[in-house]
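Only heavy atoms go into these numbers, but all of them, side chains included; no hydrogens, no water, no symmetry mates.
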Amino acid sequence: MRFLFETLGCRLNEAEISGWRRQVRAAGHTVVANVNSADVVVFNSCAVTAKAARTSRKTTRGFTRQNPSVRVVITGCFSSLEGDVAAALDGVDLVVGNEEKSDLVPIALRELGGFEMPRHAMEPDAQFFVDDRRTRGFIKVQDGCRHKCSYCIVTEARGAERSRTVESVVSECQNMVEAGFKELVLSGVHIGGYGGDIGESLPSLISAVLADVDVKRLRLGSMEPWAVDSTLLKMFGDPRMMPHMHLPLQSGSDVVLKRMARRCTRASYEEMVTQARDAVDGLNLTTDIIVGFPGETASDHERTLEAVERYEFGDVHAFSFSSRAGTPASRMGGHLPKELIRTRSKELSMVVERLREKSAESIKGQVKSTLFETESASNAYCWSGLTDTFHRVEVEVEAGRSMRGEISPVVLTGERHGGVLRGLLP
């Protein structure tokens, strides 16, 4: 059978799809790039916000509109939270909840094609197949979260924390490196909580990967700030650990943080930022901010703007609050008008843009190790890549030269175009 894998949402969804592609190919089937060529489409859905749930429904219905004969498997957070709705969507043949994701491929093969999954396809040393266009691989190391932030539906959708064994993660990392991936990203719902259920920890996992896998670059996915401690920061002493951390702040107001049920305060976050920057040379910190949380006052908003400037984030992912049914936040009083949220989002965007300009100027002239991934869509002689500090950069090269998969030093010029830094090959 010919399989198409599509996803919406987080990096963890991408990591899961990577594993499913490997299993499908190892079982003797084919992975295709568009729905018109597919016999089966597997959609890893999202429902973190009401908008994401709507998009998941729309995307699912679109598959059979494009290819009426395709069989549709829907999984992910939308299917787990709204399984009956997902099953009733036009064209859906199979719903696989998050609790069954580890067996998605054998379930789909059995239910849709009458195939049994070959034993070798599930073994750690099974041949790893990869899309030649990919240079960074995402490794799912755990699932679920024990924390209950009041705006988050993911804890309901993903369930309790479940960690993979160190051995299985190391094996997958080695397979991906042998397949040609230059950078690996450890991903999960709450990667800082890795190992709590199996007697391990995130630092012990990182140590094992660095010791046993010849990976060129290792990066951490988004993690909660309260998971950062001195033991974890010591891991960045290895030059293969990329000096970038994405640590969601969400709000600069202690009042709002308390309503969000976050496990940090403004002071504890600032202490963590100081400790991290002292421990990791050239660390680039990025963050998430939710604008317009229920009950957020003008003063709370000003505290957030001040915090974003104070901590000099390299980038900020700003989200306008969207009420998600089933979360405590949806039942809170003090929901803000959409127009006010839009105004505050624009004010935050202006602050973030100033920080991006400041960041670009501050690293002007620096030489950054860069992993090149794709040709620029705007210029046939440009290649785009990610620096070790997670800055997107473009360089001009001679016609016909491919940079895909190369790790090269790049001199940053301080110029930006469309949010992308400009660089020069030495």
Parallel, tilted or perpendicular: ring planes of His190 versus His147, cut at 30 and 60 degrees: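 Aromatic pair His190/His147 classed perpendicular.
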Parallel, tilted or perpendicular: rings of His317 and His246 (30°, 60°):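 His246 vs His317 ring planes: tilted.
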Side-chain ion pair, [X] and [Y], N-O less than 4.0 Å:
{"X": "Glu312", "Y": "Lys358", "answer": "yes"}
{"X": "Glu183", "Y": "Arg217", "answer": "yes"}
{"X": "Glu296", "Y": "Arg344", "answer": "yes"}
{"X": "Glu353", "Y": "Lys346", "answer": "no"}

Proximity of His391 and His244 rings by center, below 6.0 Å: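 No, ring centres 6.0 Å or more apart.
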Phe321-His335 aromatic ring centre distance below 6.0 Å: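 Ring-ring flag for Phe321/His335: true, centres closer than 6.0 Å.
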Could you give the distance from [atom1] ([X]) to [atom2] ([Y]), rounded to the nearest 0.5 Å?
{"X": "Ser80", "Y": "Lys101", "atom1": "OG", "atom2": "NZ", "result": "7.0 Å"}
{"X": "Cys152", "Y": "Met260", "atom1": "SG", "atom2": "CE", "result": "11.5 Å"}
{"X": "Leu421", "Y": "Leu386", "atom1": "CG", "atom2": "CG", "result": "10.5 Å"}
{"X": "Glu14", "Y": "Arg136", "atom1": "CD", "atom2": "CZ", "result": "8.5 Å"}
{"X": "Phe313", "Y": "Asp288", "atom1": "CZ", "atom2": "CG", "result": "10.0 Å"}
{"X": "Leu305", "Y": "Met350", "atom1": "CG", "atom2": "CE", "result": "9.0 Å"}

Are [X] and [Y] close enough that a side-chain donor and a side-chain acceptor fall under 3.5 Å?
{"X": "Ser320", "Y": "Ser345", "answer": "yes"}
{"X": "Thr286", "Y": "Asp315", "answer": "no"}
{"X": "Ser168", "Y": "Thr165", "answer": "yes"}
{"X": "Ser299", "Y": "Arg303", "answer": "yes"}
{"X": "Gln174", "Y": "Asp212", "answer": "no"}
{"X": "Ser253", "Y": "Asp300", "answer": "yes"}
{"X": "Gln250", "Y": "Tyr151", "answer": "yes"}

Is the backbone N or O of [Y] less than 3.5 Å from a side-chain atom of [X], with the two atoms forming a donor-acceptor pair by type?
{"X": "Ser204", "Y": "Ser201", "answer": "yes"}
{"X": "Lys182", "Y": "Gly405", "answer": "yes"}
{"X": "Ser362", "Y": "Ser359", "answer": "yes"}
{"X": "Glu161", "Y": "Arg146", "answer": "yes"}
{"X": "Ser37", "Y": "Ala33", "answer": "no"}
{"X": "Asn13", "Y": "Leu8", "answer": "yes"}
{"X": "Ser150", "Y": "Arg259", "answer": "yes"}
{"X": "Ser56", "Y": "Cys46", "answer": "yes"}
{"X": "Arg162", "Y": "Ala160", "answer": "yes"}
{"X": "Arg404", "Y": "Thr374", "answer": "no"}

Criterion side chain to side chain contact (heavy atoms under 4.5 Å, CB included) on Arg57 and Phe78, from CA distance to verdict: CA-CA 8 Å; Arg57 292 193 294 270; Phe78 172 67; 3.2 Å; yes
Test side chain to side chain contact (heavy atoms under 4.5 Å, CB included) applied to Met245 and Met223, step by step: CA-CA 8 Å; Met245 301 182 79; Met223 62 186 300; 4.0 Å; yes
Derivation and outcome, salt bridge (Lys or Arg N to Asp or Glu O under 4.0 Å), residues Glu309 and Arg354: CA-CA 9 Å; Glu309 292 235 46; Arg354 288 201 302 270; 2.7 Å; yes
Determine whether more than 12 heavy atoms belonging to other residues, nucleotides or ligands lie under 6.0 Å from atom [atom1] of [X].
{"X": "Arg61", "atom1": "CZ", "result": "yes"}
{"X": "Asp281", "atom1": "CG", "result": "no"}
{"X": "Asn34", "atom1": "CG", "result": "yes"}
{"X": "Glu271", "atom1": "CD", "result": "no"}
{"X": "Lys51", "atom1": "NZ", "result": "no"}

Full working for side chain to side chain contact (heavy atoms under 4.5 Å, CB included) between Val228 and Tyr269: CA-CA 10 Å; Val228 178; Tyr269 190 94; over 6 Å; no
Salt bridge (Lys or Arg N to Asp or Glu O under 4.0 Å) assessment of Glu172 paired with Arg164: CA-CA 11 Å; Glu172 184 175 356; Arg164 294 177 59 188; 2.6 Å; yes
Min side-chain heavy-atom separation Ser402-Glu375 under 4.5 Å: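 No, too far: nothing below the 4.5 Å cut-off.
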Side chain proximity check, Ile191 to Leu220, heavy atoms < 4.5 angstrom: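 Ile191 reaches Leu220 side chain to side chain.
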Worked verdict on Arg401 versus Glu406 for side chain to side chain contact (heavy atoms under 4.5 Å, CB included): CA-CA 11 Å; Arg401 179 180 176 181; Glu406 288 190 28; 3.4 Å; yes
For Ala307, all residues meeting side chain to side chain contact (heavy atoms under 4.5 Å, CB included), sequence neighbours excluded: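 Result, side chain to side chain contact (heavy atoms under 4.5 Å, CB included) vs Ala307: Leu249, Arg266, Tyr311.
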Steps toward salt bridge (Lys or Arg N to Asp or Glu O under 4.0 Å) verdict (Glu339, Arg342): CA-CA 5 Å; Glu339 185 58 39; Arg342 281 194 290 268; 2.7 Å; yes
Non-hydrogen atoms of Val420 and Glu394 that approach each other most closely: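 Shortest heavy-atom separation between Val420 and Glu394 comes out as CG1-CG, 3.6 Å.
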Nearest heavy atoms of Asp143 and Lys140, plus distance in Å: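 Looking at all heavy atoms of both residues, the closest pair is OD2-NZ, 3.0 Å.
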Stepwise salt bridge (Lys or Arg N to Asp or Glu O under 4.0 Å) test for Glu82 and Arg324: CA-CA 13 Å; Glu82 303 183 44; Arg324 184 65 175 91; 3.4 Å; yes
